[in-house]
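Structure record follows, encoded as structure tokens.
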2 protein chains.
Amino acid sequence: MTTSETERVNAAVQRLRRAGLRNTAARRGVLDQLAHAVGGRGHLSVSELHHALLARGVVVELSTVHRVLRQLVELGIAHTVPVGRTTTFGLADDAHHHAVCGTCGDMRQLPAEAVAASIAAARAVGIDTDQSGHPNGVVVYGRCVRCRTTAR
Amino acid sequence: MTTSETERVNAAVQRLRRAGLRNTAARRGVLDQLAHAVGGRGHLSVSELHHALLARGVVVELSTVHRVLRQLVELGIAHTVPVGRTTTFGLADDAHHHAVCGTCGDMRQLPAEAVAASIAAARAVGIDTDQSGHPNGVVVYGRCVRCRTTAR
DNA sequence: ATGCTCTTGCCACTATTTTGCAATAGAACC
DNA sequence: GGTTCTATTGCAAAATAGTGGCAAGAGCAT
């Protein structure tokens, strides 16, 4: 884990503490994984997260991972992106949005500027994204190059 | 059902026929409901669709509704928008995108122009939405006015 | 070190979607 | 209209995802 990852996890733990939540192994583990994942695919499903934790020796129940993630989302520390019928989770500490391949689930980040017009259009019809916590943000569903060239 | 709704359903049935699929009561029923729903909330969940069909006297199994919807999506006749942990379905015959309240599930349509920049940004990172069928399009997740003022 | 209370494990349960297989029903052809 | 071929549906069972209760266990303020 790089120092930047450590810092992000620490910052998140501080926010938990301020919300009156304790610094437990399960929460640190989940935050570690999320911070680590940002380098790669960016987001993880609950079971990916769970397996990664077990592989690292952090023994937690799947239901606990669900509970931890739900709290992180409520506090705005993590955010969700639905991919197919699974929900994926990522750290929400820098403002970004997502482009997802609906076929393989691969995901890329989109900078806030790129989606500003969409957010403005949504606000114009009464849907506001300027709320901490809760699912919010822009998701563009499409297909990645690989899935476009491979099969149909 | 208005004539425009009938036309949309007929057009969809033609596409089914061209794809070698039969014109069955279940498929017509689902298409009717989807065309009818566009006037209101726009999208329906599988069980909303199922209940609506039964209420109209179209007796079909829930699993059949699932199968029909999957095919419609594969053919690009319908498209999906994930809302919480349920999937909602709508007709895809006019190009539109969605703004969704993550709290109550309420949904508004966004015109293609409004989200063009987001689509371009996604394409720039390798995710292309110009594919018929399969989940595609822009979804803005936020909160509607009612859910913003009510509670937190 | 103690005690208060948040957290977790464990487990049962709901909700949603998928699948195999036999029976049924489109539609092309006679 | 009747026949035939095969896609489609009903049925039922199972896979997948997430939730909720409760007692045991673990943070953390003192």
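Reminder, nothing fancy here: chain letters follow the sequence lines and each chain counts from 1. If you're wondering where the values come from, they're calculated on a predicted model, not measured in any experiment.
The overall bend of the helix from C/dA1-D/dT30 to C/dC30-D/dG1, read as the angle between its terminal helix axes built from five base pairs each, is 40° when rounded to 10 degrees.
Nucleotides of DNA chain D with any atom under 4.0 Å from a heavy atom of chain A span, from 5' to 3', D/dA17 to D/dA29.
One interatomic measurement links the two molecules: CG of A/Leu54 to P of C/dG9, which rounds to 10 Å at whole-angstrom precision. When rounded to the nearest whole Å, the span between NE2 of A/His66 and P of C/dT7 equals 18 Å. If you measure from atom CG of B/Leu62 to atom P of C/dT19, you get 15 Å, rounded to the nearest angstrom. Remark: P of C/dT8 and CZ of A/Arg28 are 10 Å apart, rounded to the nearest angstrom. Rounded to an integer number of Å, the gap from A/Leu69 CG to C/dT8 P is 11 Å. A/Glu74 places its CD atom 15 Å from the P atom of C/dC6, with the value rounded to the nearest Å. Here C/dT17 presents its P atom at 11 Å from CZ of B/Arg70, a figure rounded to the nearest Å.
Comparing A/Arg27 and B/Arg85 by the nucleotide of DNA chain C that holds the closest heavy atom to each, the one mapping nearer the 5' end is A/Arg27. The residue among B/Thr87 and A/Val60 whose nearest nucleotide of DNA chain C lies closer to the 5′ end is A/Val60.
Side chain of A/Arg108 to backbone of B/Ala122: no donor-acceptor contact under 3.5 angstrom is found. Without hydrogens or angle criteria, A/Arg15 side chain to A/Leu75 main chain gives a donor-acceptor distance under 3.5 Å.
Of the N and O atoms on the side chains of A/Ser45 and A/Thr86, not one donor lies less than 3.5 Å from an acceptor on the other residue. In this structure, a donor-acceptor pair under 3.5 Å is present between the side chains of B/Asn23 and B/Arg28.
Under the 4.5 Å side-chain contact rule for hydrophobic residues, B/Ile127 and B/Ile119 do not share a cluster. Grouping the Ile, Leu, Val, Met, Phe, Trp and Tyr side chains by contacts below 4.5 angstrom, directly or via other members, places A/Val81 with B/Val139.
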Intermediate values then yes/no, ring pair (Phe, Tyr, Trp, His ring centres under 6.0 Å), B/His66 and B/His50: CA-CA 9 Å; B/His66 275 285; B/His50 186 218; 9.0 Å; no
Using the rule given for side-chain contact (heavy atoms from CB on, under 4.5 Å), can you reason through B/Asp106 versus B/Arg146, listing the C-alpha separation, both sets of side-chain angles and the distance that settles it, and then say yes or no? CA-CA 10 Å; B/Asp106 206 19; B/Arg146 250 177 19 109; over 6 Å; no
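Taking 4.0 Å as the cut-off between side-chain N and carboxylate O, A/Asp128 and B/Arg143 do not count as a salt-bridged pair.
Side-chain contact between A/Thr24 and A/Val68 is absent, with no heavy-atom pair separated by less than 4.5 Å. In this structure the side chain of B/Leu34 never reaches within 4.5 angstrom of the side chain of B/Val9, judged on heavy atoms.
Looking at heavy-atom distances under 4.0 Å, A/Val65 makes no contact with the nucleic acid at all.
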For each nucleotide in nucleotides 20-30 of chain C, reading 5' to 3', give B when a protein heavy atom comes within less than 4.0 Å of its base, S when such contact involves only the sugar-phosphate, and - otherwise. B----BBSS--
